[in-house]
Amino acid sequence: MKASQQRRVEMLLRIFKIRYFEEAVKKQQQLGQVPGSVHLSIGHEATIVGASMALGKDDFVIGNHRSHGHPIAKGANLPPLMAELFGKATGVCKGKGGSMHLADREVGVVGESGIVGAGLPLAVGAGLSAKVRGTDQVSLCFFGDGASSEGSFHESLNLASIWDLPVVFVCENNMYGATSPAREVIAVEDIADRAAGYDMPSEIVDGQDADAVYEAVNCAVVRARKGSGPSLVECKTYRFGEHAEGLIIPVPYRDSEEVERWKQRDPVDLYRDRLIRGGVLSESQADDLAEQAGKLVDEAVFFARDSEFPDPAEAFTDIFKMPSAGQFEERGHE
Amino acid sequence: MKASQQRRVEMLLRIFKIRYFEEAVKKQQQLGQVPGSVHLSIGHEATIVGASMALGKDDFVIGNHRSHGHPIAKGANLPPLMAELFGKATGVCKGKGGSMHLADREVGVVGESGIVGAGLPLAVGAGLSAKVRGTDQVSLCFFGDGASSEGSFHESLNLASIWDLPVVFVCENNMYGATSPAREVIAVEDIADRAAGYDMPSEIVDGQDADAVYEAVNCAVVRARKGSGPSLVECKTYRFGEHAEGLIIPVPYRDSEEVERWKQRDPVDLYRDRLIRGGVLSESQADDLAEQAGKLVDEAVFFARDSEFPDPAEAFTDIFKMPSAGQFEERGHE
Amino acid sequence: MSEISYFEAIFQAHQEEMIRDESIVLIGEDISLYTRAGIIDSALEARIFSTPIAENGFCGMGVGAALTGLRPVVDLTIASFVYLAMDQIVNQAARMRYMTGGQGSVPIVFRASMWHNASNAGHHSDRPYPLFMGVPGLKVVVPSTPYDVKGLLKAAMRDDDPVIVFEDNSLWFKMGEVPEDDYVVPIGVADIKRQGSDVTLVTIGSTQADSLAAAETMAAEGVSVEVIDPRTLSPLDTDTILGSVARTGRLAIVDPANRSMSAASEISAIVSEQVFDSLKKPVQRVTTPDVIIPFSPALEKQLYPCQSDIEAAIKKLF
Amino acid sequence: MSEISYFEAIFQAHQEEMIRDESIVLIGEDISLYTRAGIIDSALEARIFSTPIAENGFCGMGVGAALTGLRPVVDLTIASFVYLAMDQIVNQAARMRYMTGGQGSVPIVFRASMWHNASNAGHHSDRPYPLFMGVPGLKVVVPSTPYDVKGLLKAAMRDDDPVIVFEDNSLWFKMGEVPEDDYVVPIGVADIKRQGSDVTLVTIGSTQADSLAAAETMAAEGVSVEVIDPRTLSPLDTDTILGSVARTGRLAIVDPANRSMSAASEISAIVSEQVFDSLKKPVQRVTTPDVIIPFSPALEKQLYPCQSDIEAAIKKLF
Ligand SMILES: Cc1ncc(C[n+]2csc(CCOP(=O)(O)OP(=O)(O)O)c2C)c(N)n1
Ligand SMILES: Cc1ncc(C[n+]2csc(CCOP(=O)(O)OP(=O)(O)O)c2C)c(N)n1
Ligand SMILES: [Mg+2]
Ligand SMILES: [Mg+2]
């Protein structure tokens with residue numbers, strides 16, 4: 001099923017939001033406001049938004065280390081996300097999770113994992129939960145080409161398939177896992193070729209085309225929702241920047257020509273132009289959308305910047321929901 | 001390539017050896033001579049022997065928990081194997097390994113693992129070793145249908161494929177992992193269907209037909225030896241007895257009709273009859289072979305029975321090859 | 001009260017809690033046997049997921065289900081298989097609440113049965129609870145009686161945090177009194193199995209019977225031994241242990257795990273730190289030595305702490 | 001002698017040993033960078049296997065290769081990923097020699113770099129060496145200086161047993177003297193980094209600098225602190241530690257791991273057991289508290305043992 005025009009406009013807005021959010025994060029990281037290193041989604045926006053908008057509000061999303069975009073695409077408020085990246089108390093995870101763990105339960109983003117591949121079993125579990133509880137929720141898992149080499153990929157696809165769980169596996173295949181080219185470390189060119197080994201339908205789509213991603217994922221979601229089981233959607237995409245900002249990689253590992261070629265297909269421009277050309281919105285409406293997104297991102301940065309750091313004692317809360325006697329006497333030093 | 005007549009006779013001999021060995025183990029287990037529980041190969045003999053005889057003396061084999069047959073098929077001496085199962089000092093592993101870990105380096109059986117699926121990466125490593133050292137050795141890994149659900153299966157096949165390692169993956173698909181029917185826990189009927197996901201050739205063979213297994217594995221071995229990479233051979237077989245002798249399973253989980261149907265295709269009878277019908281040997285020659293195998297097994301049992309238990313202090317050796325200061329003061333009690 | 005086995009107690013807990021709470025599901029290998037063998041009522045079948053052999057995958061599936069409204073009980077069967085699922089247990093189950101700033105709860109129970117002293121050799125004989133005692137966010141219990149295993153499993157299933165329960169295969173057929181009525185054994189509370197005044201003997205899991213027997217023998221020699229079963233190893237009920245040692249001044253810890261990095265080591269360190277001045281003699285650890293478990297009974301049987309080892313350790317305290 | 005960084009020392013060890021011994025191969029994620037970035041001579045490229053993201057698989061591959069004639073050095077990169085490969089490390093690498101009755105050797109080196117105090121949060125900040133100290137068959141080293149890391153890595157690569165080396169990311173750019181000539185630091189031998197007579201301070205890994213600084217400060221206050229780096233945690237050089245404590249009667253242990261089940265706990269237990277009568281005061285453990293590592297520097301920075309913590313602990317010993 002195709003997205004409605006209204007939804008497509010919202011998709012463009014969210015694509016803008018992710019792009020500007022990530023650009024702001026990059027800048028703030030360089031300014032020393034965002035501690036640690038950050039894995040940006042720039043280049044992946046069409047995949048992320050196309051897939052997420054094919055879900056309903058109550059559906060579940062599980063992300064990975066490159067997941068700033070996932071909650072945004074699912075409709076999250078930006079300020080708590082940005083504040084999290086700043087390590088502030090107002091962060092969506094109170095400053096405890098950070099860049100690689102931007103869970104936002106408000107919009108169904110259940111968890112994100114800094115451990116490559118670890119999200120896939122979690123997504124299967126969310127699917128199991130929907131099935132057992134008798135809801136029609138669907139669980140969507142984002143993972144990279146690199147993650148598809150982990151044993152957890154195999155175990156998860158098999159588990160989801162044997163019980164026909166409502167899970168959609170979305171591979172953001174950007175052709176590299178850190179510096180390792182997929183063609184050198186993955187025995188097949190298309191991850192989708194592995195779906196047959198789990199008796200699972202799969203589809204390969206242009207990950208720079210938000211509509212194409214939406215349609216493929218929507219089809220998988222419909223299938224999952226009616227109890228027909230999981231699917232694998234492979235989105236061919238590309239990361240425009242470094243593996244992580246704040247992490248030095250001493251030598252180039254991608255052809256600059258390859259990078260340039262992909263940048264020609266910038267998902268922001270592609271989708272903006274398509275909607276304008278298709279008469280969905282005018283150029284100035286598109287500019288308004290972009291401006292709106294930019295404002296929201298700016299506000300998020302201000303919010304993050306103006307928020308307080310958490311009280312050091314917060315380091316010792318949230319370990320257990322139901323604490324038992326005796327464990328937490330020791331505190332850190334000031 | 002087909003096996004020579006001489007080799008086929010040796011194959012029959014080894015099939016007999018395994019069958020009688022396992023029958024003896026079962027009996028000795030019941031008599032209390034073999035401690036713990038034992039996973040017998042009865043029913044799998046044609047697969048084990050067909051595959052192992054397709055290897056050369058210097059090739060590597062990695063087994064699993066159901067691996068009494070693997071060293072025998074590779075040409076091992078029976079007495080140290082039986083003594084191991086008795087927990088005696090003369091055992092091939094000095095009584096330290098037992099039934100689930102009958103490694104026998106003399107015949108290239110590098111290791112066997114009580115951890116389902118753990119042998120696959122080891123086999124890939126042996127293949128890597130052959131490649132790096134520039135030998136033409138091949139590494140063959142036996143594993144069950146159940147093991148194919150482990151992440152290690154996926155990781156191993158991918159690793160072997162990307163570097164074209166000389167590895168042959170032999171699945172002994174007996175349709176059950178302990179009490180779990182493959183059809184309920186594995187999303188595809190044929191494990192071989194998964195090979196395509198690793199750009200790997202695969203073949204499905206009748207695991208009760210030693211010649212068919214030999215030919216398929218031989219083909220994979222030739223391919224591996226000439227540097228063309230790994231293969232997957234799936235052998236459809238059946239275990240005639242319980243998952244493990246010495247372990248109580250409270251309810252039946254297999255159709256007795258199914259069990260009977262498979263027992264009609266006893267690999268010992270099938271191969272014996274085929275060789276006789278094919279004029280490879282006479283009935284009395286076949287009986288002689290059987291008798292020879294029986295004698296060797298009897299001798300192994302006597303050897304095991306008459307051997308000493310290890311000195312208790314042996315529990316503390318072989319932990320390290322190069323011990324360092326200070327670690328082993330404490331001893332057990334007498 | 002009725003007299004039931006440790007094994008029965010485990011499954012009474014399952015059955016009763018599954019009836020009480022519809023969100024409990026069971027996940028594990030070969031567990032369709034539970035209903036087929038009549039161990040659990042077949043009316044509960046739809047909530048029993050008999051899995052492929054994929055420990056990391058199905059543990060992670062349990063975590064995902066726990067995060068989204070279920071209360072999974074995940075059976076790892078033999079404790080030696082925990083190594084395969086460490087990532088999901090440590091990195092995900094135990095950390096998810098914290099890393100999400102409290103947004104996500106992980107009410108999951110992992111069960112692992114320790115098999116040892118039965119010639120199962122190096123890949124099936126571990127007692128790996130110490131590995132999990134240093135994992136913040138995870139509760140670790142090691143029940144030693146039918147009463148405790150039923151009560152602790154029930155508490156674990158009602159807990160909103162992840163709990164890993166190390167059962168003991170060698171206790172399956174041990175009988176014990178269990179109340180007819182619903183009860184739980186609270187997590188984090190030790191039990192004084194025998195009162196005493198001269199020596200504190202902390203005993204973990206299956207070593208309890210030998211510890212109590214040793215206490216009896218020592219009583220005959222005029223030494224009064226207090227036997228404490230921590231039951232929960234994390235969070236540890238240090239109050240009970242420290243209180244006892246403060247009175248007795250003498251401590252031996254019996255722990256079937258390997259000596260190095262054992263629960264005994266941790267308890268020893270805590271006690272030395274907190275009530276050093278009460279200690280009359282060095283704390284004694286009675287453990288399995290640092291070996292891989294061998295197959296042959298001639299090698300294996302000697303390894304685990306037994307009554308005479310415990311008595312010897314107590315004597316060293318005087 | 002020349003002055004090089006910890007990072008350089010690591011790769012000098014690799015390069016020199018790979019040239020010395022053709023059977024050494026490197027296995028790990030993204031390590032094709034080694035030659036491409038000129039960290040290792042590109043002539044050695046053919047023995048460098050840059051892997052897919054499959055920790056259990058490639059660790060097991062290393063074990064299989066070690067069993068059949070190679071000497072693999074397997075890089076797990078960040079130490080928090082060890083959980084994924086526990087089965088191959090614990091059940092296979094460490095146990096294979098024993099379970100085969102000595103038929104198989106596993107000359108393998110696992111490397112894992114500990115990243116902490118850099119806002120990498122809960123999935124990338126572990127210091128998990130304690131998990132491996134209770135694993136018989138495995139040697140555990142935690143080098144803290146360029147000299148030690150080079151010498152211990154070389155020793156590990158020449159060892160016929162599996163060795164896991166926990167490097168420390170925060171030390172990468174620390175400089176130190178290293179001999180021009182070939183040398184090894186023997187596994188299992190502690191190093192007295194500073195002589196002293198009043199207090200024994202055992203320091204692990206990256207806490208050494210703060211420990212030495214604290215010792216200096218205390219010296220100014222008239223307290224003579226002996227600083228010992230065990231370097232190897234398993235097998236532990238108990239002789240050196242016990243000998244020192246027998247002289248000083250006072251012990252503090254600085255360990256960047258979480259408090260419960262830390263190396264500090266084990267050392268405390270051993271010391272209390274063996275030289276109880278020498279101890280004048282309870283052993284002090286200076287550790288990271290039992291928390292998951294948070295992302296925000298406001299939460300994280302306070303957690304690790306620092307100089308003032310160490311000084312406070314030393315003061316408690318009087
Ligand atoms: C288990 C594990 N191994 C290794 C890493 C280090 N690491 C972080 S991201 C990454 C690459 C992931 O590649 P992919 O899955 O393709 O995602 P991408 O970064 O390309 O979006 C690696 C190796 C990790 N975080 N977790
Ligand atoms: C990691 C692990 N999980 C579970 C087990 C328990 N177990 C032993 S054998 C077995 C079934 C294995 O099935 P399969 O691989 O098909 O081999 P088969 O026994 O049928 O020959 C199971 C579940 C184990 N030994 N290791
Ligand atoms: Mg990628
Ligand atoms: Mg099977």
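Side-chain atoms are counted along with the backbone in the values below, which use heavy atoms only and exclude waters and symmetry mates. Chain letters run A, B, ... following the sequence lines, proteins first, then strands; residues in each count from 1.
Between E273(D) and K316(C), none of the side-chain N atoms (NZ, or NE/NH1/NH2) sits under 4.0 Å from a carboxylate O, so this pair counts as no salt bridge.
Using a 4.5 Å cut-off between heavy atoms, N258(D) contacts chain C through its side chain alone, with no backbone atom that close. Using a 4.5 Å cut-off between heavy atoms, P294(D) contacts chain C through both its backbone and its side chain. Neither the backbone nor the side chain of A257(C) comes within less than 4.5 Å of any heavy atom of chain D. Using a 4.5 Å cut-off between heavy atoms, V90(D) contacts chain C through its side chain alone, with no backbone atom that close. Neither the backbone nor the side chain of A85(D) has a heavy atom closer than 4.5 Å to any heavy atom of chain C.
Chain D forms the most heavy-atom pairs under 4.5 Å with one residue out of D126(C), I270(C), V82(C), and that residue is D126(C). Among Q92(D), E266(D), Q88(D), the residue making the largest number of heavy-atom pairs under 4.5 Å with chain C is E266(D). Considering only heavy-atom pairs separated by less than 4.5 Å from chain D, the leading option among M99(C), H123(C), E55(C) is H123(C). Contacts with chain C were tallied for D87(D), I292(D), I89(D), I293(D); I292(D) has the most, counting heavy-atom pairs under 4.5 Å. Between chain D and the residues V275(C), V271(C), L279(C), the most heavy-atom pairs under 4.5 angstrom are made by L279(C).
For S268(D) and S272(C), the side-chain atoms include no donor-acceptor pair closer than 3.5 Å.
Rounding to the nearest 0.5 angstrom, the gap separating the OH atom in Y98(D) from the CZ atom in F295(C) is 12.5 Å. Here OG of S80(C) is found 6.0 Å from CZ of R95(D). Values are rounded to the nearest 0.5 Å. Distance check, rounded to the nearest 0.5 Å: CG of N56(C) to OH of Y83(D) gives 13.5 Å. Expressed to the nearest 0.5 Å, how far OG of S260(D) lies from CG of L236(C) amounts to 8.0 Å.
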